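Heavy atoms only: backbone and side chains are in, while hydrogens, waters and symmetry mates are out. For clarity, every value in this text was computed on a predicted model and none was experimentally measured. This chain uses plain numbering: 1 for the first residue, then up along the sequence.
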Amino acid sequence: MDTDNKLIKLREDAELILNQSSFQAKEAPLVDLTRIIHDLKVYQIELELQNEELRNTQKQLEESRNRFAQLYNQAPAGYVTLNQNSIILQANQTFADLVNKDLNQILNTSLSDFLEEEDRSIFLSRFNAFFKRPADKSMELKLTRKGGTPFFVRITGNLKTDDLFEVHHEPKQPKLFLIINDITKQKIAEDLLKESEYSYRTLADSGQALIWSAGTDKLCNYFNNVWLNFTGRPLEMELGDGWMEGIHPADYEYCTKTYLSSFDKRETFTLEYRLRNSKGEYRWILDKATPNYNVKGEFIGYIGHCFDISEIKLAEERITFKNEELLKLNAEKDKFFSIIAHDLRSPFNSFLGLTQLMSEELPRLKISEIQYFATSLNRSASNLFGLLENLLEWSSLQRGIIGFAPVSFFLKPKISEMLQLAIESAYNKGIDFEIIVPDELMIFADVKMFESTIRNLVSNAVKFSSKGGKVTVCAKSFADDSIEISVQDTGIGMNKGLVERLFRIHQQTSRMGTEGEPSTGLGLILCKDFVEKHGGEIWAESEEGKGSRFCFTIPNYLGLQSRS
């Protein structure tokens with residue numbers, strides 16, 4: 001039986017006993033009285049226990065209220081409760097400390113009284129809307145500290161209503177509970193950051209570097225004005241991967257591959273690529289990029305600094321070209337001394353040996369022997385003369401002494417004239433000549449250079465042909481009026497390696513003719529220089545043991561006139 005039922009039962013029993021007369025009480029059964037007294041004592045004990053429990057509950061409630069009040073007053077943020085007129089109904093000690101006032105000076109005053117004048121109108125104009133729906137809203141305002149300087153706060157809040165009713169059973173008016181956080185340090189940090197960013201952007205825009213940055217998504221989110229002025233494109237077109245539209249097609253794959261690979265590894269990288277500028281020209285860019293981290297050490301992307309290195313690249317190319325020219329000059333020098341030291345000395349030794357032998361043995365020599373020596377001397381003298389002539393022409397060409405004066409002339413007579421000079425050496429070897437050139441074919445060329453080219457090619461053909469061989473000179477014209485001339489022999493030919501080394505002064509190509517004739521390879525170098533002076537090309541076709549065919553072209557008349 002619960003307490004209320006026990007109480008009702010005890011009252012009923014007590015009233016029954018009290019309503020009876022005294023004699024009735026005397027006559028009442030003792031058992032009933034004993035039971036009632038017992039129940040009263042039990043109930044008394046229960047009441048005492050309940051009172052003790054109520055006292056403990058009251059104590060706990062008071063302690064809880066004290067803890068709440070302590071937490072409320074010592075909270076890290078200021079707490080205030082406002083009515084619809086922005087009057088402060090309640091505030092904690094933290095807020096009182098923020099404004100440097102006592103709590104009794106705060107209550108029943110308007111929160112706007114503690115705001116800086118410039119922010120007071122902002123607060124009042126937004127308060128009604130804030131009061132009705134404070135959720136997900138905030139205001140950043142400046143409060144005034146008594147006797148101190150203004151400070152920044154962020155205000156957030158929510159509505160609260162009581163469940164109890166007033167005397168007239170009408171609900172209490174809703175109140176606005178505000179949380180006020182001092183954000184002065186944060187605002188100072190933000191201002192410093194903004195100032196730092198402004199200074200950085202000012203510095204970035206005043207320098208020569210093209211600066212960019214990208215986020216963790218690998219897309220660019222910033223370009224300085226130097227970059228934008230260089231490309232001539234607005235920022236919105238460059239953002240993301242739009243800037244890649246300006247990369248030279250030949251550099252695009254290499255550039256993007258290096259960028260993405262380094263980004264994934266978070267490595268510093270350097271790129272050289274061509275980027276289109278505002279004039280539509282491609283300029284060489286040196287792009288140095290490094291991973292970017294925030295103050296917490298978190299990776300936030302990349303930042304890159306670029307410089308236009310087109311002039312440096314051009315200078316490097318010039319230096320490379322100068323180096324190549326120096327290497328070429330050194331090779332020419334080495335070739336020259338090689339000819340002097342070996343190829344020129346050898347024929348002279350032979351010539352000197354023959355003259356010494358004749359001077360010592362002349363009285364005892366027969367006419368046939370004298371004729372043999374004379375023929376050998378003539379051959380040696382002719383070889384020496386040809387070699388010296390090539391050396392002089394080559395030297396003059398390198399020093400720019402030989403001029404270029406092309407004229408028109410018939411081709412066949414000039415080739416016939418040049419072949420007459422090779423008849424003697426060809427006759428001794430039993431070599432035949434054949435000319436396959438149209439009678440009416442004319443050429444526009446420098447006569448001396450043309451003669452030297454034909455002379456060297458025919459001389460080589462005879463030199464490397466065996467007895468009974470044949471040398472054929474052909475010429476034909478093409479639709480563009482260019483002319484191809486070839487000198488073909490039936491001699492010893494060349495292997496592929498030797499063919500590839502021809503026309504290169506720094507390559508060793510000299511070898512003896514079929515009857516020991518000397519060769520330096522210098523004649524072919526002269527042929528190449530003379531042909532290229534005309535804007536033509538020269539090449540060789542050969543197979544070992546099956547002869548050789550040397551060909552060169554002379555471009556058309558109009559082309560030559562423009563080059564002259």
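A donor-acceptor pair is defined here as one N or O able to donate and one able to accept, closer than 3.5 Å; no such pair exists between the side chain of Lys313 and the backbone of Arg283. A donor-acceptor distance shorter than 3.5 angstrom exists from the side chain of Asn294 to the backbone of Glu298, with no hydrogens or angles considered. Remark: side-chain polar atoms of Arg126 are not paired, donor with acceptor, to backbone N or O of Met139 under 3.5 angstrom. In this structure, Asp119 contributes its side chain and Leu141 its backbone to no donor-acceptor pair below 3.5 Å. When atom types are taken as modelled, the side chain of Ser310 and the backbone of Trp284 share a donor-acceptor pair closer than 3.5 angstrom. Listed for the Ser542 side chain is a donor-acceptor partner under 3.5 Å among the backbone atoms of Met494. The backbone N or O of Ala405 lies less than 3.5 Å from a partner atom in the side chain of Asp446, making a donor-acceptor pair. Between the side chain of Ser125 and the backbone N or O of Ser121, at least one donor-acceptor pair lies under 3.5 Å. A donor-acceptor pair is defined here as one N or O able to donate and one able to accept, closer than 3.5 Å; no such pair exists between the side chain of Thr472 and the backbone of Ile435. For the pair Lys470 (side chain) and Glu434 (backbone), a donor-acceptor distance under 3.5 Å is absent.
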Verdict with reasoning, Thr553 to Glu484, per side chain to side chain donor-acceptor pair (under 3.5 Å): CA-CA 4 Å; Thr553 58; Glu484 180 185 284; over 6 Å; no
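The aromatic rings of Tyr273 and Trp243 sit tilted, their planes meeting at an angle between 30° and 60°.
Residues Glu267 and Ser262 bring no donor and acceptor atom of their side chains to less than 3.5 Å of each other.
Stacking of Lys528 on the aromatic ring of Phe503 is not recorded, the 6.0 Å distance cut-off and the 45° axial limit not both being met.
Checked against a 6.0 Å centroid threshold, the rings of Tyr259 and Tyr302 do not count as neighbours.
Closest of all the heavy-atom pairs between Arg145 and Leu98 is NE-O, 3.1 Å. Nearest heavy atoms, Ser465 versus Thr490: OG-N, 4.2 Å.
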